[in-house]
Number of protein chains: 2
Amino acid sequence: MNLAEVAKRAKVSTATVSRVLNDVGPVKKSTRARVLRAAEELRYHPNLHARNLAGGKSRTVGMIVSNMENPFFVDVYKGAEQAARSRGYDLVLANTDYNPENLASNIRLMIGRRVAGLALVISEMEPGLIQELSELAIPVVFYDVGAPKHNFSNIVVNYAKGIERVVNYLLELGHRRMAFISHHRTLGPLSVRERAFRDTVQNYSASIEWRIAASADGLDGGRQAAREVLASGFNPTAMICVNDFMAMGALHELREAGLRVPQDVSVTGFDNIRLAEVCYPPLTTLHIPRERIGQLMFQDLIEPVPMPEACRRRLVLDPEFVLRGSTGAARKP
Amino acid sequence: MNLAEVAKRAKVSTATVSRVLNDVGPVKKSTRARVLRAAEELRYHPNLHARNLAGGKSRTVGMIVSNMENPFFVDVYKGAEQAARSRGYDLVLANTDYNPENLASNIRLMIGRRVAGLALVISEMEPGLIQELSELAIPVVFYDVGAPKHNFSNIVVNYAKGIERVVNYLLELGHRRMAFISHHRTLGPLSVRERAFRDTVQNYSASIEWRIAASADGLDGGRQAAREVLASGFNPTAMICVNDFMAMGALHELREAGLRVPQDVSVTGFDNIRLAEVCYPPLTTLHIPRERIGQLMFQDLIEPVPMPEACRRRLVLDPEFVLRGSTGAARKP
DNA sequence: TTGAAAGCGCTACCAG
DNA sequence: CTGGTAGCGCTTTCAA
């Protein structure tokens with residue numbers, strides 16, 4: 001079923017059908033009605049590929065995330081999706097599972113689709129891919145990572161500040177032995193947080209004992225990392241987790257180990273996902289406006305903000321401390 | 001950047017470039033290398049729309065789900081995505097948020113993309129849409145709902161059986177006052193579960209007291225529904241939740257109300273999402289092989305299983321009872 | 001207000 | 001093994 005058949009049935013040219021369907025250009029009322037009816041009767045569904053090809057422009061933006069299992073990414077996705085929908089755009093999602101090969105193929109896929117823009121919510125990119133994208137003239141917005149190129153822009157959260165905040169808070173509560181639970185230690189954004197942790201702790205006093213454990217992002221990863229820490233004999237009074245989702249895994253492990261939170265061990269997260277409030281005990285964490293970020297990313301893509309070559313956009317958000325029940329004074333030795 | 005430019009640069013015809021890029025037909029080694037290099041140098045990215053248009057066939061399947069916030073859907077998505085990727089297909093996802101308008105527009109979008117198949121993981125469809133789809137000759141697979149059409153097929157879970165199982169279990173534990181926590185009561189699949197609950201309870205004894213509360217799907221919905229039940233003065237010793245995600249919300253509400261689980265109230269879920277194991281207390285629930293379902297849906301779409309008109313496929317899975325800490329003997333009155 | 005026709009970028013078929 | 005070329009279905013001038 002195609003335009004031509006609709007045109008034939010309505011006894012008009014394909015040009016007219018196109019005008020009617022796209023609501024552009026002048027069309028006599030009666031003709032219009034006739035076309036609409038024909039399309040209806042024929043159950044005509046325009047071929048989007050043909051449309052894109054002929055039109056040259058795309059009403060689609062792409063988003064690639066690392067891990068849809070982590071509610072953080074789902075929320076960002078939903079924010080962007082909603083923003084896109086409300087502006088008559090269409091968002092297509094891809095998931096990498098932190099796999100670089102998936103990332104590369106997904107990016108190529110998006111390029112092949114000639115998306116109007118690409119939002120990357122991932123933890124790192126190979127320089128090669130960065131290069132490939134920068135040569136492409138399609139607007140790209142990164143979350144949390146990004147290189148300064150004319151068609152790039154980024155939205156970043158001041159993770160270091162957040163980590164610093166929470167560590168200081170724990171320090172004040174008397175914690176002197178803390179573990180940092182992370183994932184993908186080598187990825188840029190993650191290592192920033194790790195460094196913030198180390199720096200804050202060391203700046204405070206050389207006598208603070210600390211340790212870093214990492215596993216995969218997720219419930220299992222959090223659990224695994226926490227287990228490692230416990231098994232090592234290091235006996236932390238606090239666990240600072242790189243995100244809420246992992247923190248929930250850690251919480252579980254502690255419970256299984258017979259440790260009470262926060263009496264025996266304090267636990268903190270990052271992101272303030274909805275679950276952080278609902279889990280037990282509710283997590284002390286840092287809030288990040290995830291849906292907002294999704295919206296901002298979309299906006300950034302389609303709003304052609306002309307600016308000097310060197311000055312790509314960069315928006316920095318500060319996370320907000322949220323105090324809940326998973327933290328308390330350090331247990332007495 | 002297009003085929004023609006690559007062809008010019010490699011000093012061959014576009015036909016040859018196409019052959020090389022698609023790895024079809026005979027091409028001399030040296031030519032092949034030349035083309036590849038040209039494409040590389042020009043940073044050529046094939047236009048997928050043109051490819052689809054010209055080729056006529058699509059290597060893309062679509063999936064529409066109701067609520068990506070609920071991990072259940074994420075898992076199904078991941079299963080399908082993985083299956084698709086491994087077979088060289090590409091999965092595009094859409095989310096409806098239980099909004100019928102979003103569903104309709106997403107379906108049209110998928111049709112417009114000429115997907116090779118469409119997987120619907122949603123709770124209900126308007127007859128009009130069903131009709132529209134059935135006239136379309138594209139394979140459709142439903143999860144949990146579906147009408148018998150030649151191009152439809154469905155994978156369903158025996159929810160009634162699961163609910164029956166869990167209710168009987170609670171009955172044996174002495175529970176005599178139970179609440180059923182649901183969402184979207186009028187949607188087909190949901191009402192089936194509700195009915196199963198009612199039937200089981202009533203069959204057991206007329207003296208069993210029961211109540212049904214419903215709210216939105218999700219943490220808040222579960223919490224809200226639980227709150228309603230508690231506020232109503234009805235004092236259940238058990239809450240049967242239509243899914244784990246809502247159960248987690250209910251768990252939270254009970255905790256806030258100062259009720260202990262399972263000592264004061266037993267709680268059950270459905271799906272056995274990863275969180276069910278990690279939350280506190282861990283949920284007694286019914287396992288559904290979500291990733292598997294995703295895989296099956298994909299398979300069903302691309303494997304052209306020819307069969308008699310009337311006999312569309314229908315695969316029924318039985319959920320498996322999983323006993324955890326959120327349930328126990330009914331409290332003494 | 002409408003139609004004819006030139007592409008959009010690619011695949012696939014037919015020759016050579 | 002390679003090139004020419006006819007579409008795929010739609011949008012968009014340009015004329016009428």
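Order of the sequence lines sets the chain letters (A, B, ...), proteins ahead of strands, with each chain counted from 1.
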Quiz prompt | Separation of dT11(C) P from L53(A) CG (nearest whole Å) | solution = 11 Å
Quiz item: Under the criterion side-chain contact (heavy atoms from CB on, under 4.5 Å), which of E291(A), M297(A), R290(A) is the partner of I293(A)?
Solution: M297(A)
Quiz item: Separation of R113(B) atom CZ from dC10(D) atom P, in whole Å?
Solution: 16 Å
Quiz item: Could you give the distance from CZ (F152(B)) to CG (L120(B)), rounded to the nearest 0.5 Å?
Solution: 8.5 Å
Exercise. Starting at atom NE2 of H49(A), determine the distance to atom P of dG7(C), rounded to an integer number of angstrom.
Key: 24 Å
Quiz item: Contacts to DNA chain D from residues 4-25 of chain B, heavy-atom cutoff under 4.0 Å, which residues?
Solution: K11(B), V12(B), S13(B), T14(B), A15(B), T16(B), R19(B)
Self-check item: R114(A) side chain to S58(A) backbone, donor-acceptor under 3.5 Å
Solution: no
Quiz item: DNA chain D: K29(B) or G55(B), which has the more 5' nearest nucleotide?
Solution: K29(B)
Quiz item: When you check the phosphate oxygens OP1 and OP2 of dA12(C), does a side-chain N or O of K57(B) lie under 4.0 Å from one of them?
Solution: yes
Quiz item: Roughly how far apart are Q299(A) CD and Q295(A) CD, rounded to 0.5 Å?
Solution: 7.0 Å
Practice problem: Would you kindly give the CZ-to-P distance between R51(A) and dT11(D), to the nearest whole Å? | Solution: 5 Å
Quiz prompt | Sugar-phosphate only, base, or nothing, as touched by G56(B) at under 4.0 Å among non-hydrogen atoms | solution = nothing
Quiz item: N52(B) CG to dG7(D) P: how many Å, rounded?
Solution: 20 Å
Quiz item: Is a donor on one side and an acceptor on the other found under 3.5 Å between the side chain of D75(B) and the backbone of K78(B)?
Solution: no
Quiz item: Between dC8(D) atom P and R114(B) atom CZ, what is the distance in whole Å?
Solution: 14 Å
Quiz item: To the nearest angstrom, how far is Y44(A) atom OH from dG9(D) atom P?
Solution: 10 Å
Quiz item: Does P26(B) or A54(B) map to a spot on DNA chain D nearer the 5' end, using the closest nucleotide for each?
Solution: P26(B)
Quiz item: Under 4.0 Å between a side-chain N or O of N2(A) and OP1 or OP2 of dG9(D)?
Solution: yes
Self-check item: Rounded distance (nearest 0.5 Å) linking atom CD1 of I122(A) with atom CG of N99(A)
Solution: 12.0 Å
Quiz item: Would you call the rings of F298(B) and Y89(B) parallel, tilted or perpendicular, where under 30° means parallel and over 60° means perpendicular?
Solution: perpendicular
Self-check item: Distance in angstrom units between L3(B) CG and dG7(C) P, rounded
Solution: 18 Å
